[in-house]
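The basis for the numbers below is simple: all heavy atoms, side chains too, and nothing from hydrogens, waters or symmetry mates.
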Amino acid sequence: MDLTRHLHTFGYYLKQRFGQTVHKLSLAGDFTCPNRDGTLGRGGCTFCNVRSFGRDAAELSISQQLAREKAKTDRARLYLAYFQAYTSTYAEVQTLRALYDEATSAADVVGLCVGTRPDCVPDAALDLLASYQAGGAEVWLELGLQTAHDRTQALIRRGHTLADYRDAVHRARARGLKVCAHLIVGLPGEGRGDARATLDTVLDIGVEGLKLHPLMIVRGSRMAAQYRRGGVSPMALDDYADLAACLIRHTPPEVVYHRIAATAQAPTLIAPDWCGPRWAALQAIGERLARDGGQGSALGREWRP
């Protein structure tokens with residue numbers, strides 16, 4: 001199924017800008033996180049596997065990681081350097097500049113995507129990212145909001161609030177930076193109404209891109225222990241696809257969807273099992289968009305129960 005008929009995908013956006021396929025290459029800059037190093041807490045957010053994420057990659061230089069990731073694909077000749085692991089602005093600006101410079105030094109790397117927390121984007125980091133954009137690079141600041149509800153943020157030990165996110169977005173967009181918000185659907189204690197409220201809040205604040213993820217239970221996380229005790233119930237595939245499609249229909253068509261699902265493999269993935277196959281969620285969401293209307297088709301309508 002061609003999702004671009006019903007969804008403004010990141011791949012389509014990049015192809016329109018550069019005239020060809022562009023791939024994101026995931027990198028690890030050996031960053032940590034204030035929710036792991038004791039600044040805010042230890043052990044990370046309850047959904048995070050803090051022991052393994054990005055550690056093997058971080059043992060290689062950025063150039064070595066880029067070479068390794070490029071070797072995995074033969075469908076692109078242009079790339080975005082994606083600093084994905086942990087909090088990729090959580091360092092002195094001199095350290096950030098050295099890492100980002102190394103990642104963008106190759107002629108075939110046309111931009112940066114930087115994943116981070118809303119409370120870890122000082123003005124100096126934003127100014128640095130803006131300098132790459134001013135030089136012609138494609139730059140995205142990916143902020144892990146997860147939910148707009150502070151009660152849930154506290155429950156999952158996220159360590160920041162919606163106010164932190166709002167402040168980071170306003171400062172980033174004031175510099176002309178594009179923001180992609182990461183949202184997790186199905187967090188403990190949240191229902192469909194909470195997900196809809198989160199989307200409405202993010203759109204009201206202003207955003208250029210979105211990532212939707214179902215809640216996944218992964219080995220090594222605090223939530224894995226909660227799951228074994230029966231304290232967490234991941235969403236069924238049909239429920240997630242219904243809700244994701246609904247959110248997409250209520251999203252303005254100019255907003256770019258960087259992702260609408262997520263996958264993991266055993267032994268990392270514990271539940272739900274439908275997050276193992278790569279195409280299961282994409283197919284289910286695509287069918288609903290084709291049947292009921294694509295991105296933006298429900299704007300101005302009341303949310304259905």
- Task: Identify whether the distance between the nearest side-chain nitrogen and carboxylate oxygen of R77 and D108 falls below 4.0 Å.
- Result: no
- Message: I need the single residue from R173, H258, K178 that forms a side chain to side chain donor-acceptor pair (under 3.5 Å) with E208. Which is it?
- Response: R173
- Does the side chain of T89 come within less than 4.5 Å of V114's, by heavy atoms? yes
- Task: Would you check if W303 and L199 make a side-chain contact, meaning some heavy-atom pair closer than 4.5 Å?
- Result: yes
- So, are E142 and R259 salt-bridged, with charged N and O less than 4.0 Å apart? no
- Does the pair D123/R175 count as a salt bridge with the N-to-O cut at 4.0 Å? yes
- Query: Considering only heavy atoms from C-beta outward, does the side chain of F31 approach that of T116 to under 4.5 Å?
  - Reply: no
- How far does NE2 of H182 sit from NE2 of H213, to the nearest 0.5 angstrom? 5.5 Å
- Query: Is any NZ, NE, NH1 or NH2 atom of the basic residue among D200 and R196 found under 4.0 Å from an Asp or Glu carboxylate oxygen of the other?
  - Reply: no
- Query: Which pair of non-hydrogen atoms, one from H149 and one from E190, has the smallest distance, and what is that distance?
  - Reply: CD2-OE2, 3.4 Å
- Task: Supply the atom-to-atom distance Y165 OH to R158 CZ, rounded to the nearest 0.5 angstrom.
- Result: 12.0 Å
- Message: Quick one, D101 and Y132 - any side-chain contact, counting heavy atoms below 4.5 Å?
- Response: yes
- Within the distance-only criterion (no hydrogens, no angle test), does the side chain of T251 pair as donor or acceptor with the backbone N or O of L247 below 3.5 angstrom? yes
- Message: What's the separation between atom CZ in R97 and atom CD in E92, rounded to the nearest 0.5 Å?
- Response: 11.5 Å
- Between atom CG of L14 and atom CH2 of W140, what is the distance when rounded to the nearest 0.5 Å? 8.5 Å
- Query: Mind checking what makes side chain to side chain contact (heavy atoms under 4.5 Å, CB included) contact with A280, not counting sequence neighbours?
  - Reply: L237, P277
- Message: Can you classify the ring geometry of F10 versus Y13 as parallel (below 30°), tilted (30 to 60°) or perpendicular (above 60°)?
- Response: parallel
- Do P272 and P214 have side chains that get closer than 4.5 Å, going by heavy atoms? no
- Applying side chain to side chain contact (heavy atoms under 4.5 Å, CB included), name anything that partners R301, two or more places apart in sequence or on another chain. A298
- Message: If I take atom CG from residue L7 and atom CG from residue L289, how far apart are they, to the nearest 0.5 angstrom?
- Response: 6.5 Å
- Item | Spacing of L215 atom CG and I156 atom CD1 [to the nearest 0.5 Å] | 8.5 Å
